[in-house]
Amino acid sequence: MPGDFYDPQAIEPKWQALWERERAFAEPNPPPSELGENERATYVLEMLPYPSGELHMGHVKNYTLGDVVAHFRRRNGWKVLRPMGYDAFGLPAENAAIKEGGQPREITERNIGRIREQMRRMGWAIDWDREISTHTPEYYRWTQLLFLKLLERGLAYRKESLQNWCPNDQTVLANEQVVDGRCERCGAEVEKRSLEQWFFRITDYAEALLDEMNLLEHWPERVLTMQRNWIGRSEGAEVVFRVEGTEIDLPVFTTRPDTLFGATFFVMAPEHPLVSELVAGRPEAEAVRAYVKQAQTRSSIEREEKEKDGVFTGRSVINPVNNEAIPIWIADYVLMEYGTGAIMAVPAHDERDHAFARQYKLPIVQVIAPREGEIDVQAEAYVSSSTDDIMANSGEFTGLPSPEGKKKIIAWLGESELGEPKVTYRLRDWLISRQRYWGCPIPVVYCEKCGVVPVPESELPVLLPEVSDFLPKGRSPLAAAEEWVATTCPSCGGAARRETDTMDTFVDSSWYFIRYCDPHNVEAPWDREVVDHWMPVDQYIGGIEHAILHLMYARFFTKALADMGLLGFREPFSRLFTQGMIYYHGAKMSKSKGNVVAPDAMIKRYGADAVRLNILFMGPADQDAEWQDSGVEGTSRFLGRLWRTVLEAAGAEKPLGSEVTPLVRKTHQTIAKVTDDIDRRFVFNTPIAAVMELVNEINRAPEDPGARFAAETAVSLIQPYAPHIAEELWQRLGHERLWIEPWPAFDASLLEQESFELVVQVNGKVRDRIEASVGASEQELVELASSSPRVAAFLEGKTLRKTIVVPRKLVNLVVG
RNA sequence: GCCGAAGUGGCGGAAUUGGUAGACGCGCUGGACUCAAAAUCCAGUGGGCUUCGGCCCGUGUGGGUUCGAUUCCCACCUUCGGCACCA
């Protein structure tokens with residue numbers, strides 16, 4: 001037996017080895033078809049880690065949180081599914097291969113080996129039998145199958161369009177991966193390129209992604225708000241404008257049909273496909289061509305920061321409400337990607353149109369007026385969402401309140417077949433192809449005769465070939481693997497070429513939580529019955545940085561798969577907890593800033609238990625926190641105190657009497673507090689403080705007959721946080737296997753003390769504290785309070801006007 | 001600009017339903033043990049005043065509601081996050 005001092009380096013490996021030997025946290029697959037009485041199934045999941053080779057403090061926080069929840073539920077009688085795996089495709093390994101040589105696969109697998117070892121040293125209660133990695137053919141075979149299913153349903157498609165291009169990573173990016181006009185990964189300014197790419201039709205699910213948020217009762221409101229913002233639903237109308245003297249109709253989207261009479265000009269995006277046709281053969285053609293060309297060279301950041309500019313086309317459109325001809329301009333403040341790529345400009349009531357009108361001296365006509373007060377639309381646009389506004393200068397609609405006017409104009413447009421109600425989203429389809437090597441191959445071939453042909457399911461997986469040169473050249477490095485690219489068409493048997501782009505790694509992580517339920521199935525990605533047993537995930541835990549990207553993609557996948565009949569639920573994660581980030585010296589920890597605190601070094605020095613305890617003791621887990629080296633010293637010190645206190649209590653031969661001492665009461669209160677905090681409040685820092693208090697109490701009363709009971713309970717309550725020391729002490733207390741021991745129960749009748757400290761206030765200020773019996777009546781409490789000599793001094797010469805009694809708390813005497 | 005979260009000792013934080021502000025931990029001060037140190041243990045630790053009994057002030061700022069406000073309401077300041085040329 002290790003020595004009598006607390007030595008984490010001796011006890012932690014001992015218990016880790018035992019858990020591994022006993023496969024302590026594995027759940028059988030398939031799960032038993034019927035749960036026993038009082039058995040419940042729960043799925044506790046944390047976000048899939050990218051295997052960078054080094055565990056970081058964010059991982060420690062994430063997986064320790066999950067560990068506490070998993071241990072707590074297991075000991076409360078749940079069957080707990082808690083798997084682990086690796087989000088193994090992605091650019092870092094490929095970039096490392098470019099820089100240092102070697103294959104991304106080798107680098108990744110080496111990193112996985114290291115991170116797995118570090119995870120084991122943390123002592124997390126994981127079902128290692130279910131370990132998966134997204135880069136293995138056993139996994140990506142099914143990623144490819146799901147791609148084909150989406151393709152079959154028209155949810156995957158190819159289109160040529162203007163895309164975000166990262167000049168550094170030499171690949172396209174999804175909209176979600178562009179932050180402030182820059183690449184989310186590397187920070188390079190994103191360019192626009194017109195390319196033919198693969199997309200997932202997530203916009204088909206825009207409405208469902210919004211509506212079905214009502215199934216997500218336990219998601220943080222801020223995550224839902226962020227997703228709502230991202231989807232950006234706008235209600236309005238589509239209105240058709242005809243180009244004067246032609247048969248060309250140009251639809252626009254507007255949220256303000258009530259301002260139609262104020263449209264004094266019309267603007268098209270430079271990329272609008274009809275621009276060249278409109279100006280063909282006209283004197284303005286050259287100037288327009290020049291402007292369009294110039295606009296192309298501007299980045300989205302430049303476009304936004306410069307003064308508004310544009311060019312007149314010489315053409316006009318007819319405003320359908322009043323048949324007035326208004327000039328068509330081309331300007332890059334109108335985005336091709338949103339709405340119809342063209343707008344009606346109402347300078348009186350839109351700031352952007354106003355700025356443009358001033359720039360080019362275009363007329364500004366007021367058509368909306370506030371119910372009260374004067375406005376000057378020549379000086380400033382009047383943009384108001386007030387329902388009190390009144391329409392003006394709007395023909396038969398003049399004088400109508402604005403909201404009513406909207407409806408009437410839409411109705412009128414509908415009757416005249418010039419427009420209709422329309423809902424537009426900010427959300428774009430998800431661009432999933434990447435011109436990089438280390439990702440899941442897209443399982444299609446291109447045949448000259450048959451066009452785009454999906455690879456038959458029986459031929460999956462399309463294996464990722466080894467290549468030697470990963471240097472980005474604007475096309476996928478796979479294109480260089482000529483023997484691999486050249487193939488035969490599954491449809492006609494003729495010569496064909498493989499798709500050389502790979503999938504965005506967010507595709508891999510959009511379904512991994514389903515695969516965990518049935519991780520080694522070789523017949524299908526999963527068995528629906530098995531999945532429906534565990535899913536949806538009861539508690540998902542991860543970083544707030546995934547609030548939009550991963551969480552929205554995973555929701556989309558789940559809905560699409562449910563619509564295909566492959567799943568029996570529409571939302572993957574019933575409860576979500578988003579943890580805050582760990583900062584160090586005021587900044588996010590990162591290698592480039594050189595401010596990384598490696599958990600590994602901390603484990604060596606203080607042990608995993610102290611590190612686990614510290615990361616959760618730092619503060620509320622959903623808030624950002626600053627790492628402090630002194631913190632882990634503190635939790636390490638506490639574990640030493642726990643060790644000594646418990647062994648002392650264990651050694652003392654004291655009868656475990658039925659006497660209810662204050663320490664026994666304190667123990668029951670602590671059980672109640674810790675249980676409520678973890679279970680109902682979902683807070684993790686205060687339970688640690690509560691157990692610390694209990695340990696302090698035991699120390700103060702080592703001779704208390706309840707000391708051994710209190711010590712055992714302290715060990716039992718700290719087990720989810722510090723499982724190694726808890727197991728070791730539990731054993732030394734003469735027991736076995738605390739991790740399957742039922743969670744301690746408290747006796748509600750012992751939560752109340754027999755007496756309490758009555759707070760006596762005079763006019764709301766605390767003047768005395770008096771020991772009072774719990775059974776005392778209100779009358780008795782008031783008498784007790786009034787009899788206090790300290791209180792008397794404040795009552796002298798005054799009249800008692802009112803008394804307030806809060807049972808078992810305080811008496812407030814109001815005097816004047 | 002719009003939407004959201006937060007602001008409490010020297011520091012991280014606690015106070016769950018409007019009822020004792022500062023639990024727990026760090027740091028610091030003093031003491032015990034020691035030849036000495038580390039470790040450990042004990043005591044103290046929001047600020048000001050004090051006749052040492054206490055008193056006054058104090059949860060970003062200013063108001064309000066209330067017997068009583070860290071908690072509720074209004075306005076403002078600061079920080080952080082999301083969205084933003086989205087028609």
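Lettering of chains follows the sequences in order, A, B, ..., and the numbering in each one begins at 1.
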Under the ring-ring contact (aromatic ring centres under 6.0 Å, His included) rule, what do A:W329 and A:F266 come out as? Steps first, then yes or no, please.
CA-CA 6 Å; A:W329 286 67; A:F266 190 96; over 10 Å; no
Counting only side-chain nitrogens and oxygens, does [X] get under 4.0 Å of the OP1 or OP2 atom of [N]?
{"X": "A:K802", "N": "B:C67", "value": "yes"}
{"X": "A:R767", "N": "B:G68", "value": "no"}
{"X": "A:R228", "N": "B:G4", "value": "no"}
{"X": "A:R637", "N": "B:G27", "value": "yes"}
{"X": "A:R790", "N": "B:G54", "value": "yes"}
{"X": "A:K765", "N": "B:C57", "value": "yes"}
{"X": "A:S630", "N": "B:C11", "value": "no"}

Roughly how many Å apart are [M] and [N], using the [atom1] atom of each and rounding to a whole number?
{"N": "B:U70", "M": "B:A15", "atom1": "P", "value": "15 Å"}
{"N": "B:A43", "M": "B:G18", "atom1": "C1'", "value": "36 Å"}
{"N": "B:U34", "M": "B:G47", "atom1": "C1'", "value": "38 Å"}
{"N": "B:G22", "M": "B:G9", "atom1": "C1'", "value": "7 Å"}
{"N": "B:G82", "M": "B:G12", "atom1": "C1'", "value": "27 Å"}

Taking any heavy-atom pair under 4.0 Å as a contact, classify [X]: base, sugar-phosphate, or nothing.
{"X": "A:E304", "result": "base"}
{"X": "A:G634", "result": "sugar-phosphate"}
{"X": "A:K422", "result": "nothing"}
{"X": "A:D353", "result": "nothing"}
{"X": "A:V759", "result": "base"}
{"X": "A:K308", "result": "base"}
{"X": "A:V267", "result": "nothing"}
{"X": "A:T635", "result": "nothing"}
{"X": "A:E351", "result": "nothing"}
{"X": "A:F794", "result": "sugar-phosphate"}

Kindly indicate whether the side chain of A:N812 and the base of B:C67 share any N or O donor-acceptor pair separated by less than 3.5 Å?
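Yes, the side chain and the base share a sub-3.5 Å donor-acceptor pair.
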Test for a donor-acceptor pair under 3.5 Å between the base of B:U40 and the side chain of A:R641, counting only N and O atoms.
no
Quick one: [X] [atom1] to [N] [atom2], roughly how many Å, whole number?
{"X": "A:I615", "N": "B:G25", "atom1": "CD1", "atom2": "C1'", "value": "15 Å"}
{"X": "A:D622", "N": "B:G81", "atom1": "CG", "atom2": "C1'", "value": "13 Å"}
{"X": "A:F617", "N": "B:C11", "atom1": "CZ", "atom2": "C1'", "value": "13 Å"}
{"X": "A:E626", "N": "B:A6", "atom1": "CD", "atom2": "P", "value": "20 Å"}
{"X": "A:E633", "N": "B:A38", "atom1": "CD", "atom2": "P", "value": "13 Å"}
{"X": "A:R700", "N": "B:C24", "atom1": "CZ", "atom2": "P", "value": "7 Å"}
{"X": "A:D624", "N": "B:G7", "atom1": "CG", "atom2": "P", "value": "13 Å"}
{"X": "A:E693", "N": "B:G22", "atom1": "CD", "atom2": "P", "value": "13 Å"}

Hunt down the Watson-Crick or G-U wobble partner of [N], both distances under 3.5 Å, from any strand shown, or write none.
{"N": "B:G53", "answer": "none"}
{"N": "B:C24", "answer": "B:G12"}
{"N": "B:U29", "answer": "B:A43"}
{"N": "B:A75", "answer": "B:U61"}
{"N": "B:U34", "answer": "none"}
{"N": "B:A69", "answer": "none"}

Report the nucleotide, chosen from [options], that has the shortest atom-to-atom distance to any side-chain atom of [X].
{"X": "A:N696", "options": "B:G25, B:C26, B:G19", "answer": "B:G25"}
{"X": "A:T686", "options": "B:C57, B:A14, B:G12", "answer": "B:A14"}
{"X": "A:V766", "options": "B:A87, B:U20, B:G54", "answer": "B:U20"}
{"X": "A:N685", "options": "B:U40, B:G13, B:A87", "answer": "B:G13"}
{"X": "A:P620", "options": "B:G12, B:A87, B:G13", "answer": "B:G13"}

With RNA chain B as reference, determine whether A:I548 or A:R680 sits nearer its 5' end, using the nearest nucleotide of each.
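Between the two, 5'-proximity favours A:R680.
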Let me spell it out: for each of A:R681 and A:Q761, pick the nucleotide of RNA chain B with the closest heavy atom. Which residue's pick is nearer the 5' end?
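Mapping each residue to its closest nucleotide by heavy atoms, the 5'-most match is A:R681.
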Can you name the closest pair of heavy atoms from A:L65 and A:A621 and give their distance?
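Taking every non-hydrogen atom into account, CD2-CB, 3.7 Å.
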Partner of A:L694 under side-chain contact (heavy atoms from CB on, under 4.5 Å), chosen from A:L642, A:L663, A:I718, A:T645
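Checked A:L642, A:L663, A:I718, A:T645 against A:L694; only one passes side-chain contact (heavy atoms from CB on, under 4.5 Å): A:L663.
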A:R767 to A:F794, cation-pi by 6.0 Å centre distance and 45° axis angle
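Yes, A:R767 lies over the aromatic ring of A:F794.
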Distance from A:F684 atom CZ to A:Y721 atom OH, nearest 0.5 Å?
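Here the rounded value is 6.5 Å.
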Between NE2 on residue A:H546 and CD on residue A:E176, distance to nearest 0.5 Å
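Result: 13.0 Å between the selected atoms.
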Can you spot which of A:R298, A:K308, A:K192 makes a salt bridge (charged side-chain N to carboxylate O under 4.0 Å, His left out) with A:D332?
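Running salt bridge (charged side-chain N to carboxylate O under 4.0 Å, His left out) over A:R298, A:K308, A:K192 with A:D332 returns exactly one hit, A:R298.
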One thing to verify: whether A:R233 and A:E235 come together as a salt bridge, which I'm taking to mean a side-chain N less than 4.0 angstrom from a carboxylate O.
yes
Check: A:F356 ring centre within less than 6.0 Å of A:F265 ring centre:
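Judged by ring-centre distance (under 6.0 Å), A:F356 and A:F265 do meet the cut-off.
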